[in-house]
Q: 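Have a look at the structure that comes next, please.
Treat the numbers as computed from the prediction; the structure is a model and nothing was measured. Numbers restart at 1 for each chain; the letters A, B, ... are given by sequence-line order, proteins then strands. What's counted below: heavy atoms across the whole structure, side chains too, no hydrogens, waters or symmetry copies.
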Amino acid sequence: MSVERIDDLLHGNVVFDTSEPLDRTMWRVVNSRPFQRMRRIDQLGFSRLVFAGASHSRRDHSIGVFHTARDMMDAIPGDAKEGRWDDAAQTALAAALVHDVGHGPFSHAFEAVGRELGLTLADHEAMSDLVIRRSEIADILDGLRPGFAEEVAKLIRGDGGPTIHGSVVSSQVDADRLDYLHRDSFMTGSIGFSVDYGRLRANLDVGLVPVGVAEQGVELTPTLVIGHEALPAAESYILGLFNMYKVVYFHRTTRGIEKLFTELMVRVVRLVRDGSRDKVGLPDNHPLIRFAESPGTLETALNLDDTVVWGALSQLRESRDPLVRSFAARIQDRSLFKCVDIRAMVQHGIDPENHGHPDQVEMIDECCDRIVKELQESKERKRGIYGVPVVLTDEAQRSPYKTSKGPYELMERINVRTPGGNILDLKSCSDVVAGLRQFKLTRAYDRNLPELEARIHAFINREIETCRRF
Amino acid sequence: MSSILRNTELAVAIVRDAGGEIVGGHRMQAAAYLLEAAGLGDGFHFHYTNTCPYCEPLDDLAHRALLRKELSVEKCVADWGGTYWIYRVDGLPGDDVPPARVELATLAAKSDAIALAVASSAIFVKLNDTYDDTWAEMLNRRPHMLEGERMENAKGLLRKLARLPVPVPLPDLLGERDAGSDVQVLNESGENTLALAS
């Protein structure tokens with residue numbers, strides 16, 4: 001047996017048995033250029049400016065997902081004729097390894113740039129799809145068997161609906177979430193939000209749930225089921241993941257830097273598109289300039305990573321464009337806009353006792369929407385000072401547990417096997433999970449000028465009064 | 001936000017034109033997709049998810065129409081354990097609504113749910129994807145939906161759809177349009193894949 005090993009902080013030795021075809025293929029993928037690029041993309045983006053230890057990369061996480069998926073896959077009976085895994089398992093394991101190869105610099109913040117400007121390859125799913133099907137990774141995967149790259153891409157796209165093997169890679173308890181919750185909580189020092197993976201895994205098996213269309217049942221389909229002895233671990237997992245969003249992923253400072261980054265990148269691309277490339281302050285062959293010129297080209301997108309952006313900031317802060325100059329300096333020096341928690345102010349103004357009556361919840365949502373809309377249309381946002389916005393807004397939401405509808409709703413929930421042998425939705429087994437409410441954030445970021453901040457606070461309070469009157 | 005994303009009447013009209021009642025969100029999505037494919041739609045864009053073509057903005061519009069009480073809804077639990085909604089609206093299609101639109105929407109709403117899912121998916125795959133063999137791809141995606149009687153039901157629906165006098169004829173997935181009454185589902189190589197499926 002010939003083996004290669006990767007030392008992982010969480011999982012210890014992740015072993016690739018290169019005498020076995022799948023592992024050999026995966027090892028070649030790990031050593032490919034698109035995969036190694038993920039070393040230069042931080043898993044948590046700008047969070048490292050808030051949480052000192054959050055320096056782990058997408059590559060580290062991807063290795064962890066592969067390892068976790070391989071472990072979970074052992075819970076699924078296979079029909080492998082040769083080797084350890086059958087075709088469906090091989091496809092899912094490869095998908096686990098490459099599912100993040102399309103992430104751009106600072107991951108989700110870069111996707112916001114793509115949404116603003118319609119850049120397809122800024123979307124990590126579209127980019128991953130292309131990297132898997134068209135880059136050297138495709139050649140490596142197809143070396144295992146013809147068409148394998150397309151099978152992997154298809155599973156990640158979700159074509160054909162969920163399957164038990166696919167659920168290891170993409171579901172409410174998948175290897176991706178299990179690894180990132182474990183890893184991110186550890187690296188940010190938020191270990192109280194981690195996951196009891198050992199208990200979950202020890203109680204994981206396969207059950208049959210129905211699939212149907214509207215009133216008609218179609219078939220019984222196998223899915224992963226958690227034994228009732230792991231119910232507390234499943235509750236902690238849901239709660240931990242939810243709290244990570246509140247505390248880490250949606251941290252006000254991280255989101256504030258992301259807003260500056262998005263504005264900066266949007267302006268850079270627009271300057272290049274408008275023929276004002278010379279104002280940007282970067283040489284013509286810089287990867288950011290090349291991406292702005294040809295955003296649909298795989299090669300230019302593959303040349304982008306966090307280090308490209310960090311390295312460009314010194315030149316960007318000497319740009320002839322005031323926004324580029326200002327925001328590049330702010331990111332580099334961590335001199336950030338100040339956060340105003342609009343939703344907290346509105347909540348206090350409308351429902352100070354946090355009763356959560358539907359009417360109050362709706363009023364809070366409407367009031368927040370009005371305030372954000374007004375701020376987005378304000379001269380402070382649109383014109384700013386010398387063309388640089390002095391107010392930015394931010395909105396996001398997260399549901400603790402997703403209840404889907406449609407043919408696969410029983411597969412897409414977290415299924416728990418009761419002591420009596422029934423398979424039930426986690427939500428109906430757990431008052432804790434059933435009682436969780438959606439988390440929403442509505443924030444403004446201002447340039448930290450006392451007069452401006454006072455104006456924003458006064459404006460928000462006026463709007464709250466208006467909402468309360470109606 | 002484009003005007004199509006705000007106009008809840010578009011969702012209401014699909015239910016109204018289908019006879020005032022559609023059972024299940026999937027029937028509404030499939031009906032709307034077939035209207036688009038036949039040149040009788042409102043400009044919705046669909047992508048393939050799970051079992052049939054899906055348009056999220058249409059789903060959002062239907063939800064908004066419920067909140068605004070422009071549509072009524074009854075939530076039901078199916079015998080298989082899943083939930084579905086029955087959408088209803090009063091009134092008749094306007095005089096300006098093409099009869100073909102009413103006929104197609106009504107046919108979709110009255111169809112067997114699985115047959116409609118198969119038929120709309122097959123048409124979507126044929127029109128949007130690059131697979132050489134539509135039926136091989138359908139078998140690959142959801143083989144259980146094509147077993148035995150279900151395939152016969154889907155064939156029957158496809159046959160009815162192909163006969164509708166619509167502005168853009170729906171694809172002839174049964175290979176019957178010019179081939180008399182012998183029903184076969186032919187792949188591009190001329191093989192009868194229906195026989196393979198059943």
Side-chain angles (χ1 to χ4, degrees), chain A residues 87-88 91 115 123 125-126 129 133 147 150-151 153-155 157-163 166-167 170-171 207-223 358-359 361-362 365-366 369 373 376 403-413 415 422-425 427-428, chain B residues 1 22-31 47-52 54 59 62-63 67 74-87 108-109 111-121 124-125 128-131 137-147 149-150 153-154:
Chain A
D87 285 0
T91 306
R115 283 195 296 274
D123 173 65
E125 289 179 358
D129 189 58
R133 292 187 298 110
E150 183 58 42
E151 288 173 40
K154 207 165 159 179
L155 188 143
R157 288 199 303 268
D159 287 0
T163 61
S167 70
S170 179
S171 67
L208 291 173
V209 294
V211 166
V213 182
E215 73 281 14
Q216 284 182 260
V218 175
E219 60 180 308
L220 286 172
T221 306
T223 194
D359 288 351
V361 171
E362 196 178 338
D365 283 347
E366 281 181 11
D369 286 350
K373 199 175 166 195
Q376 283 175 341
T403 303
S404 67
K405 56 180 183 177
Y408 300 100
E409 62 180 82
L410 272 59
M411 278 189 85
E412 288 170 344
R413 66 192 192 183
N415 284 299
N422 285 344
I423 296 176
L424 299 180
D425 186 3
K427 207 169 178 174
S428 60
Chain B
M1 188 187 281
I22 292 183
V23 178
H26 272 73
R27 273 200 183 85
M28 183 191 282
Q29 291 281 342
H47 64 280
Y48 184 91
T49 58
N50 296 342
T51 48
C52 75
Y54 178 74
D59 211 14
H63 184 66
L67 294 177
E74 181 185 344
K75 185 177 177 182
C76 305
V77 178
D79 291 342
W80 59 274
T83 45
Y84 64 97
W85 285 259
I86 302 177
Y87 300 91
S111 294
D112 174 272
I114 299 172
L116 184 63
V118 171
S120 58
S121 297
F124 182 92
V125 169
N128 294 275
D129 289 341
T130 53
Y131 298 102
E137 178 55 22
M138 289 299 297
L139 278 170
N140 181 31
R141 291 186 186 200
R142 281 293 134 190
H144 287 86
M145 287 201 176
L146 302 178
E147 280 175 350
E149 188 186 43
R150 289 172 181 165
N153 291 340

Q: Does the side chain of A/Lys405 come within less than 4.5 Å of B/Lys75's, by heavy atoms?
A: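 No; the side chains remain at least 4.5 Å from each other.
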Q: Hey, does B/His144 have a side-chain heavy atom less than 4.5 Å from the side chain of A/Val211?
A: no
Q: Return yes if some donor-acceptor pair links the side-chain N/O of A/Glu215 with the main-chain N/O of B/Ala78 below 3.5 Å, else return no.
A: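 It does not hold such a pair.
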Q: Checking heavy atoms, do the side chain of A/Glu409, its backbone, both or neither come under 4.5 Å from chain B?
A: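 Only the side chain of A/Glu409 comes within 4.5 Å of chain B.
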Q: Counting only non-hydrogen atoms closer than 4.5 Å, does A/Val209 touch chain B with its backbone (N, CA, C, O), its side chain (CB onward), both, or neither?
A: neither
Q: Side chains of B/Trp80 and A/Leu410, heavy atoms from C-beta outward: is any pair under 4.5 Å?
A: yes
Q: Who pairs with A/Glu219 by salt bridge (Lys or Arg N to Asp or Glu O under 4.0 Å), at least two apart in sequence or on another chain?
A: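 Per chain and number, A/Glu219 pairs via salt bridge (Lys or Arg N to Asp or Glu O under 4.0 Å) with B/Arg142.
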Q: When only pairs under 4.5 Å are counted, which of A/Pro210, A/Gly217, A/Gly212 shares the most heavy-atom pairs with chain B?
A: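 Highest number of heavy-atom pairs under 4.5 Å: A/Gly212.
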Q: Answer yes or no: is there a side-chain heavy-atom contact under 4.5 Å between A/Val213 and B/Met145?
A: yes
Q: Taking the side chain as C-beta and beyond, is there a heavy-atom pair between A/Pro407 and B/His26 under 4.5 Å?
A: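 Yes; the side chains approach each other to less than 4.5 Å.
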Q: Quick one: side-chain contact (heavy atoms from CB on, under 4.5 Å) partners of B/Glu149, sequence neighbours excluded?
A: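 Here the qualifying residues are B/Asn153.
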Q: How many angstroms lie between atom OH of B/Tyr48 and atom CZ of A/Arg157, to the nearest 0.5 angstrom?
A: 12.0 Å
Q: Looking at B/Arg27 and A/Ala214, would you say the former's side chain and the latter's main chain have a donor-acceptor pair under 3.5 Å?
A: no
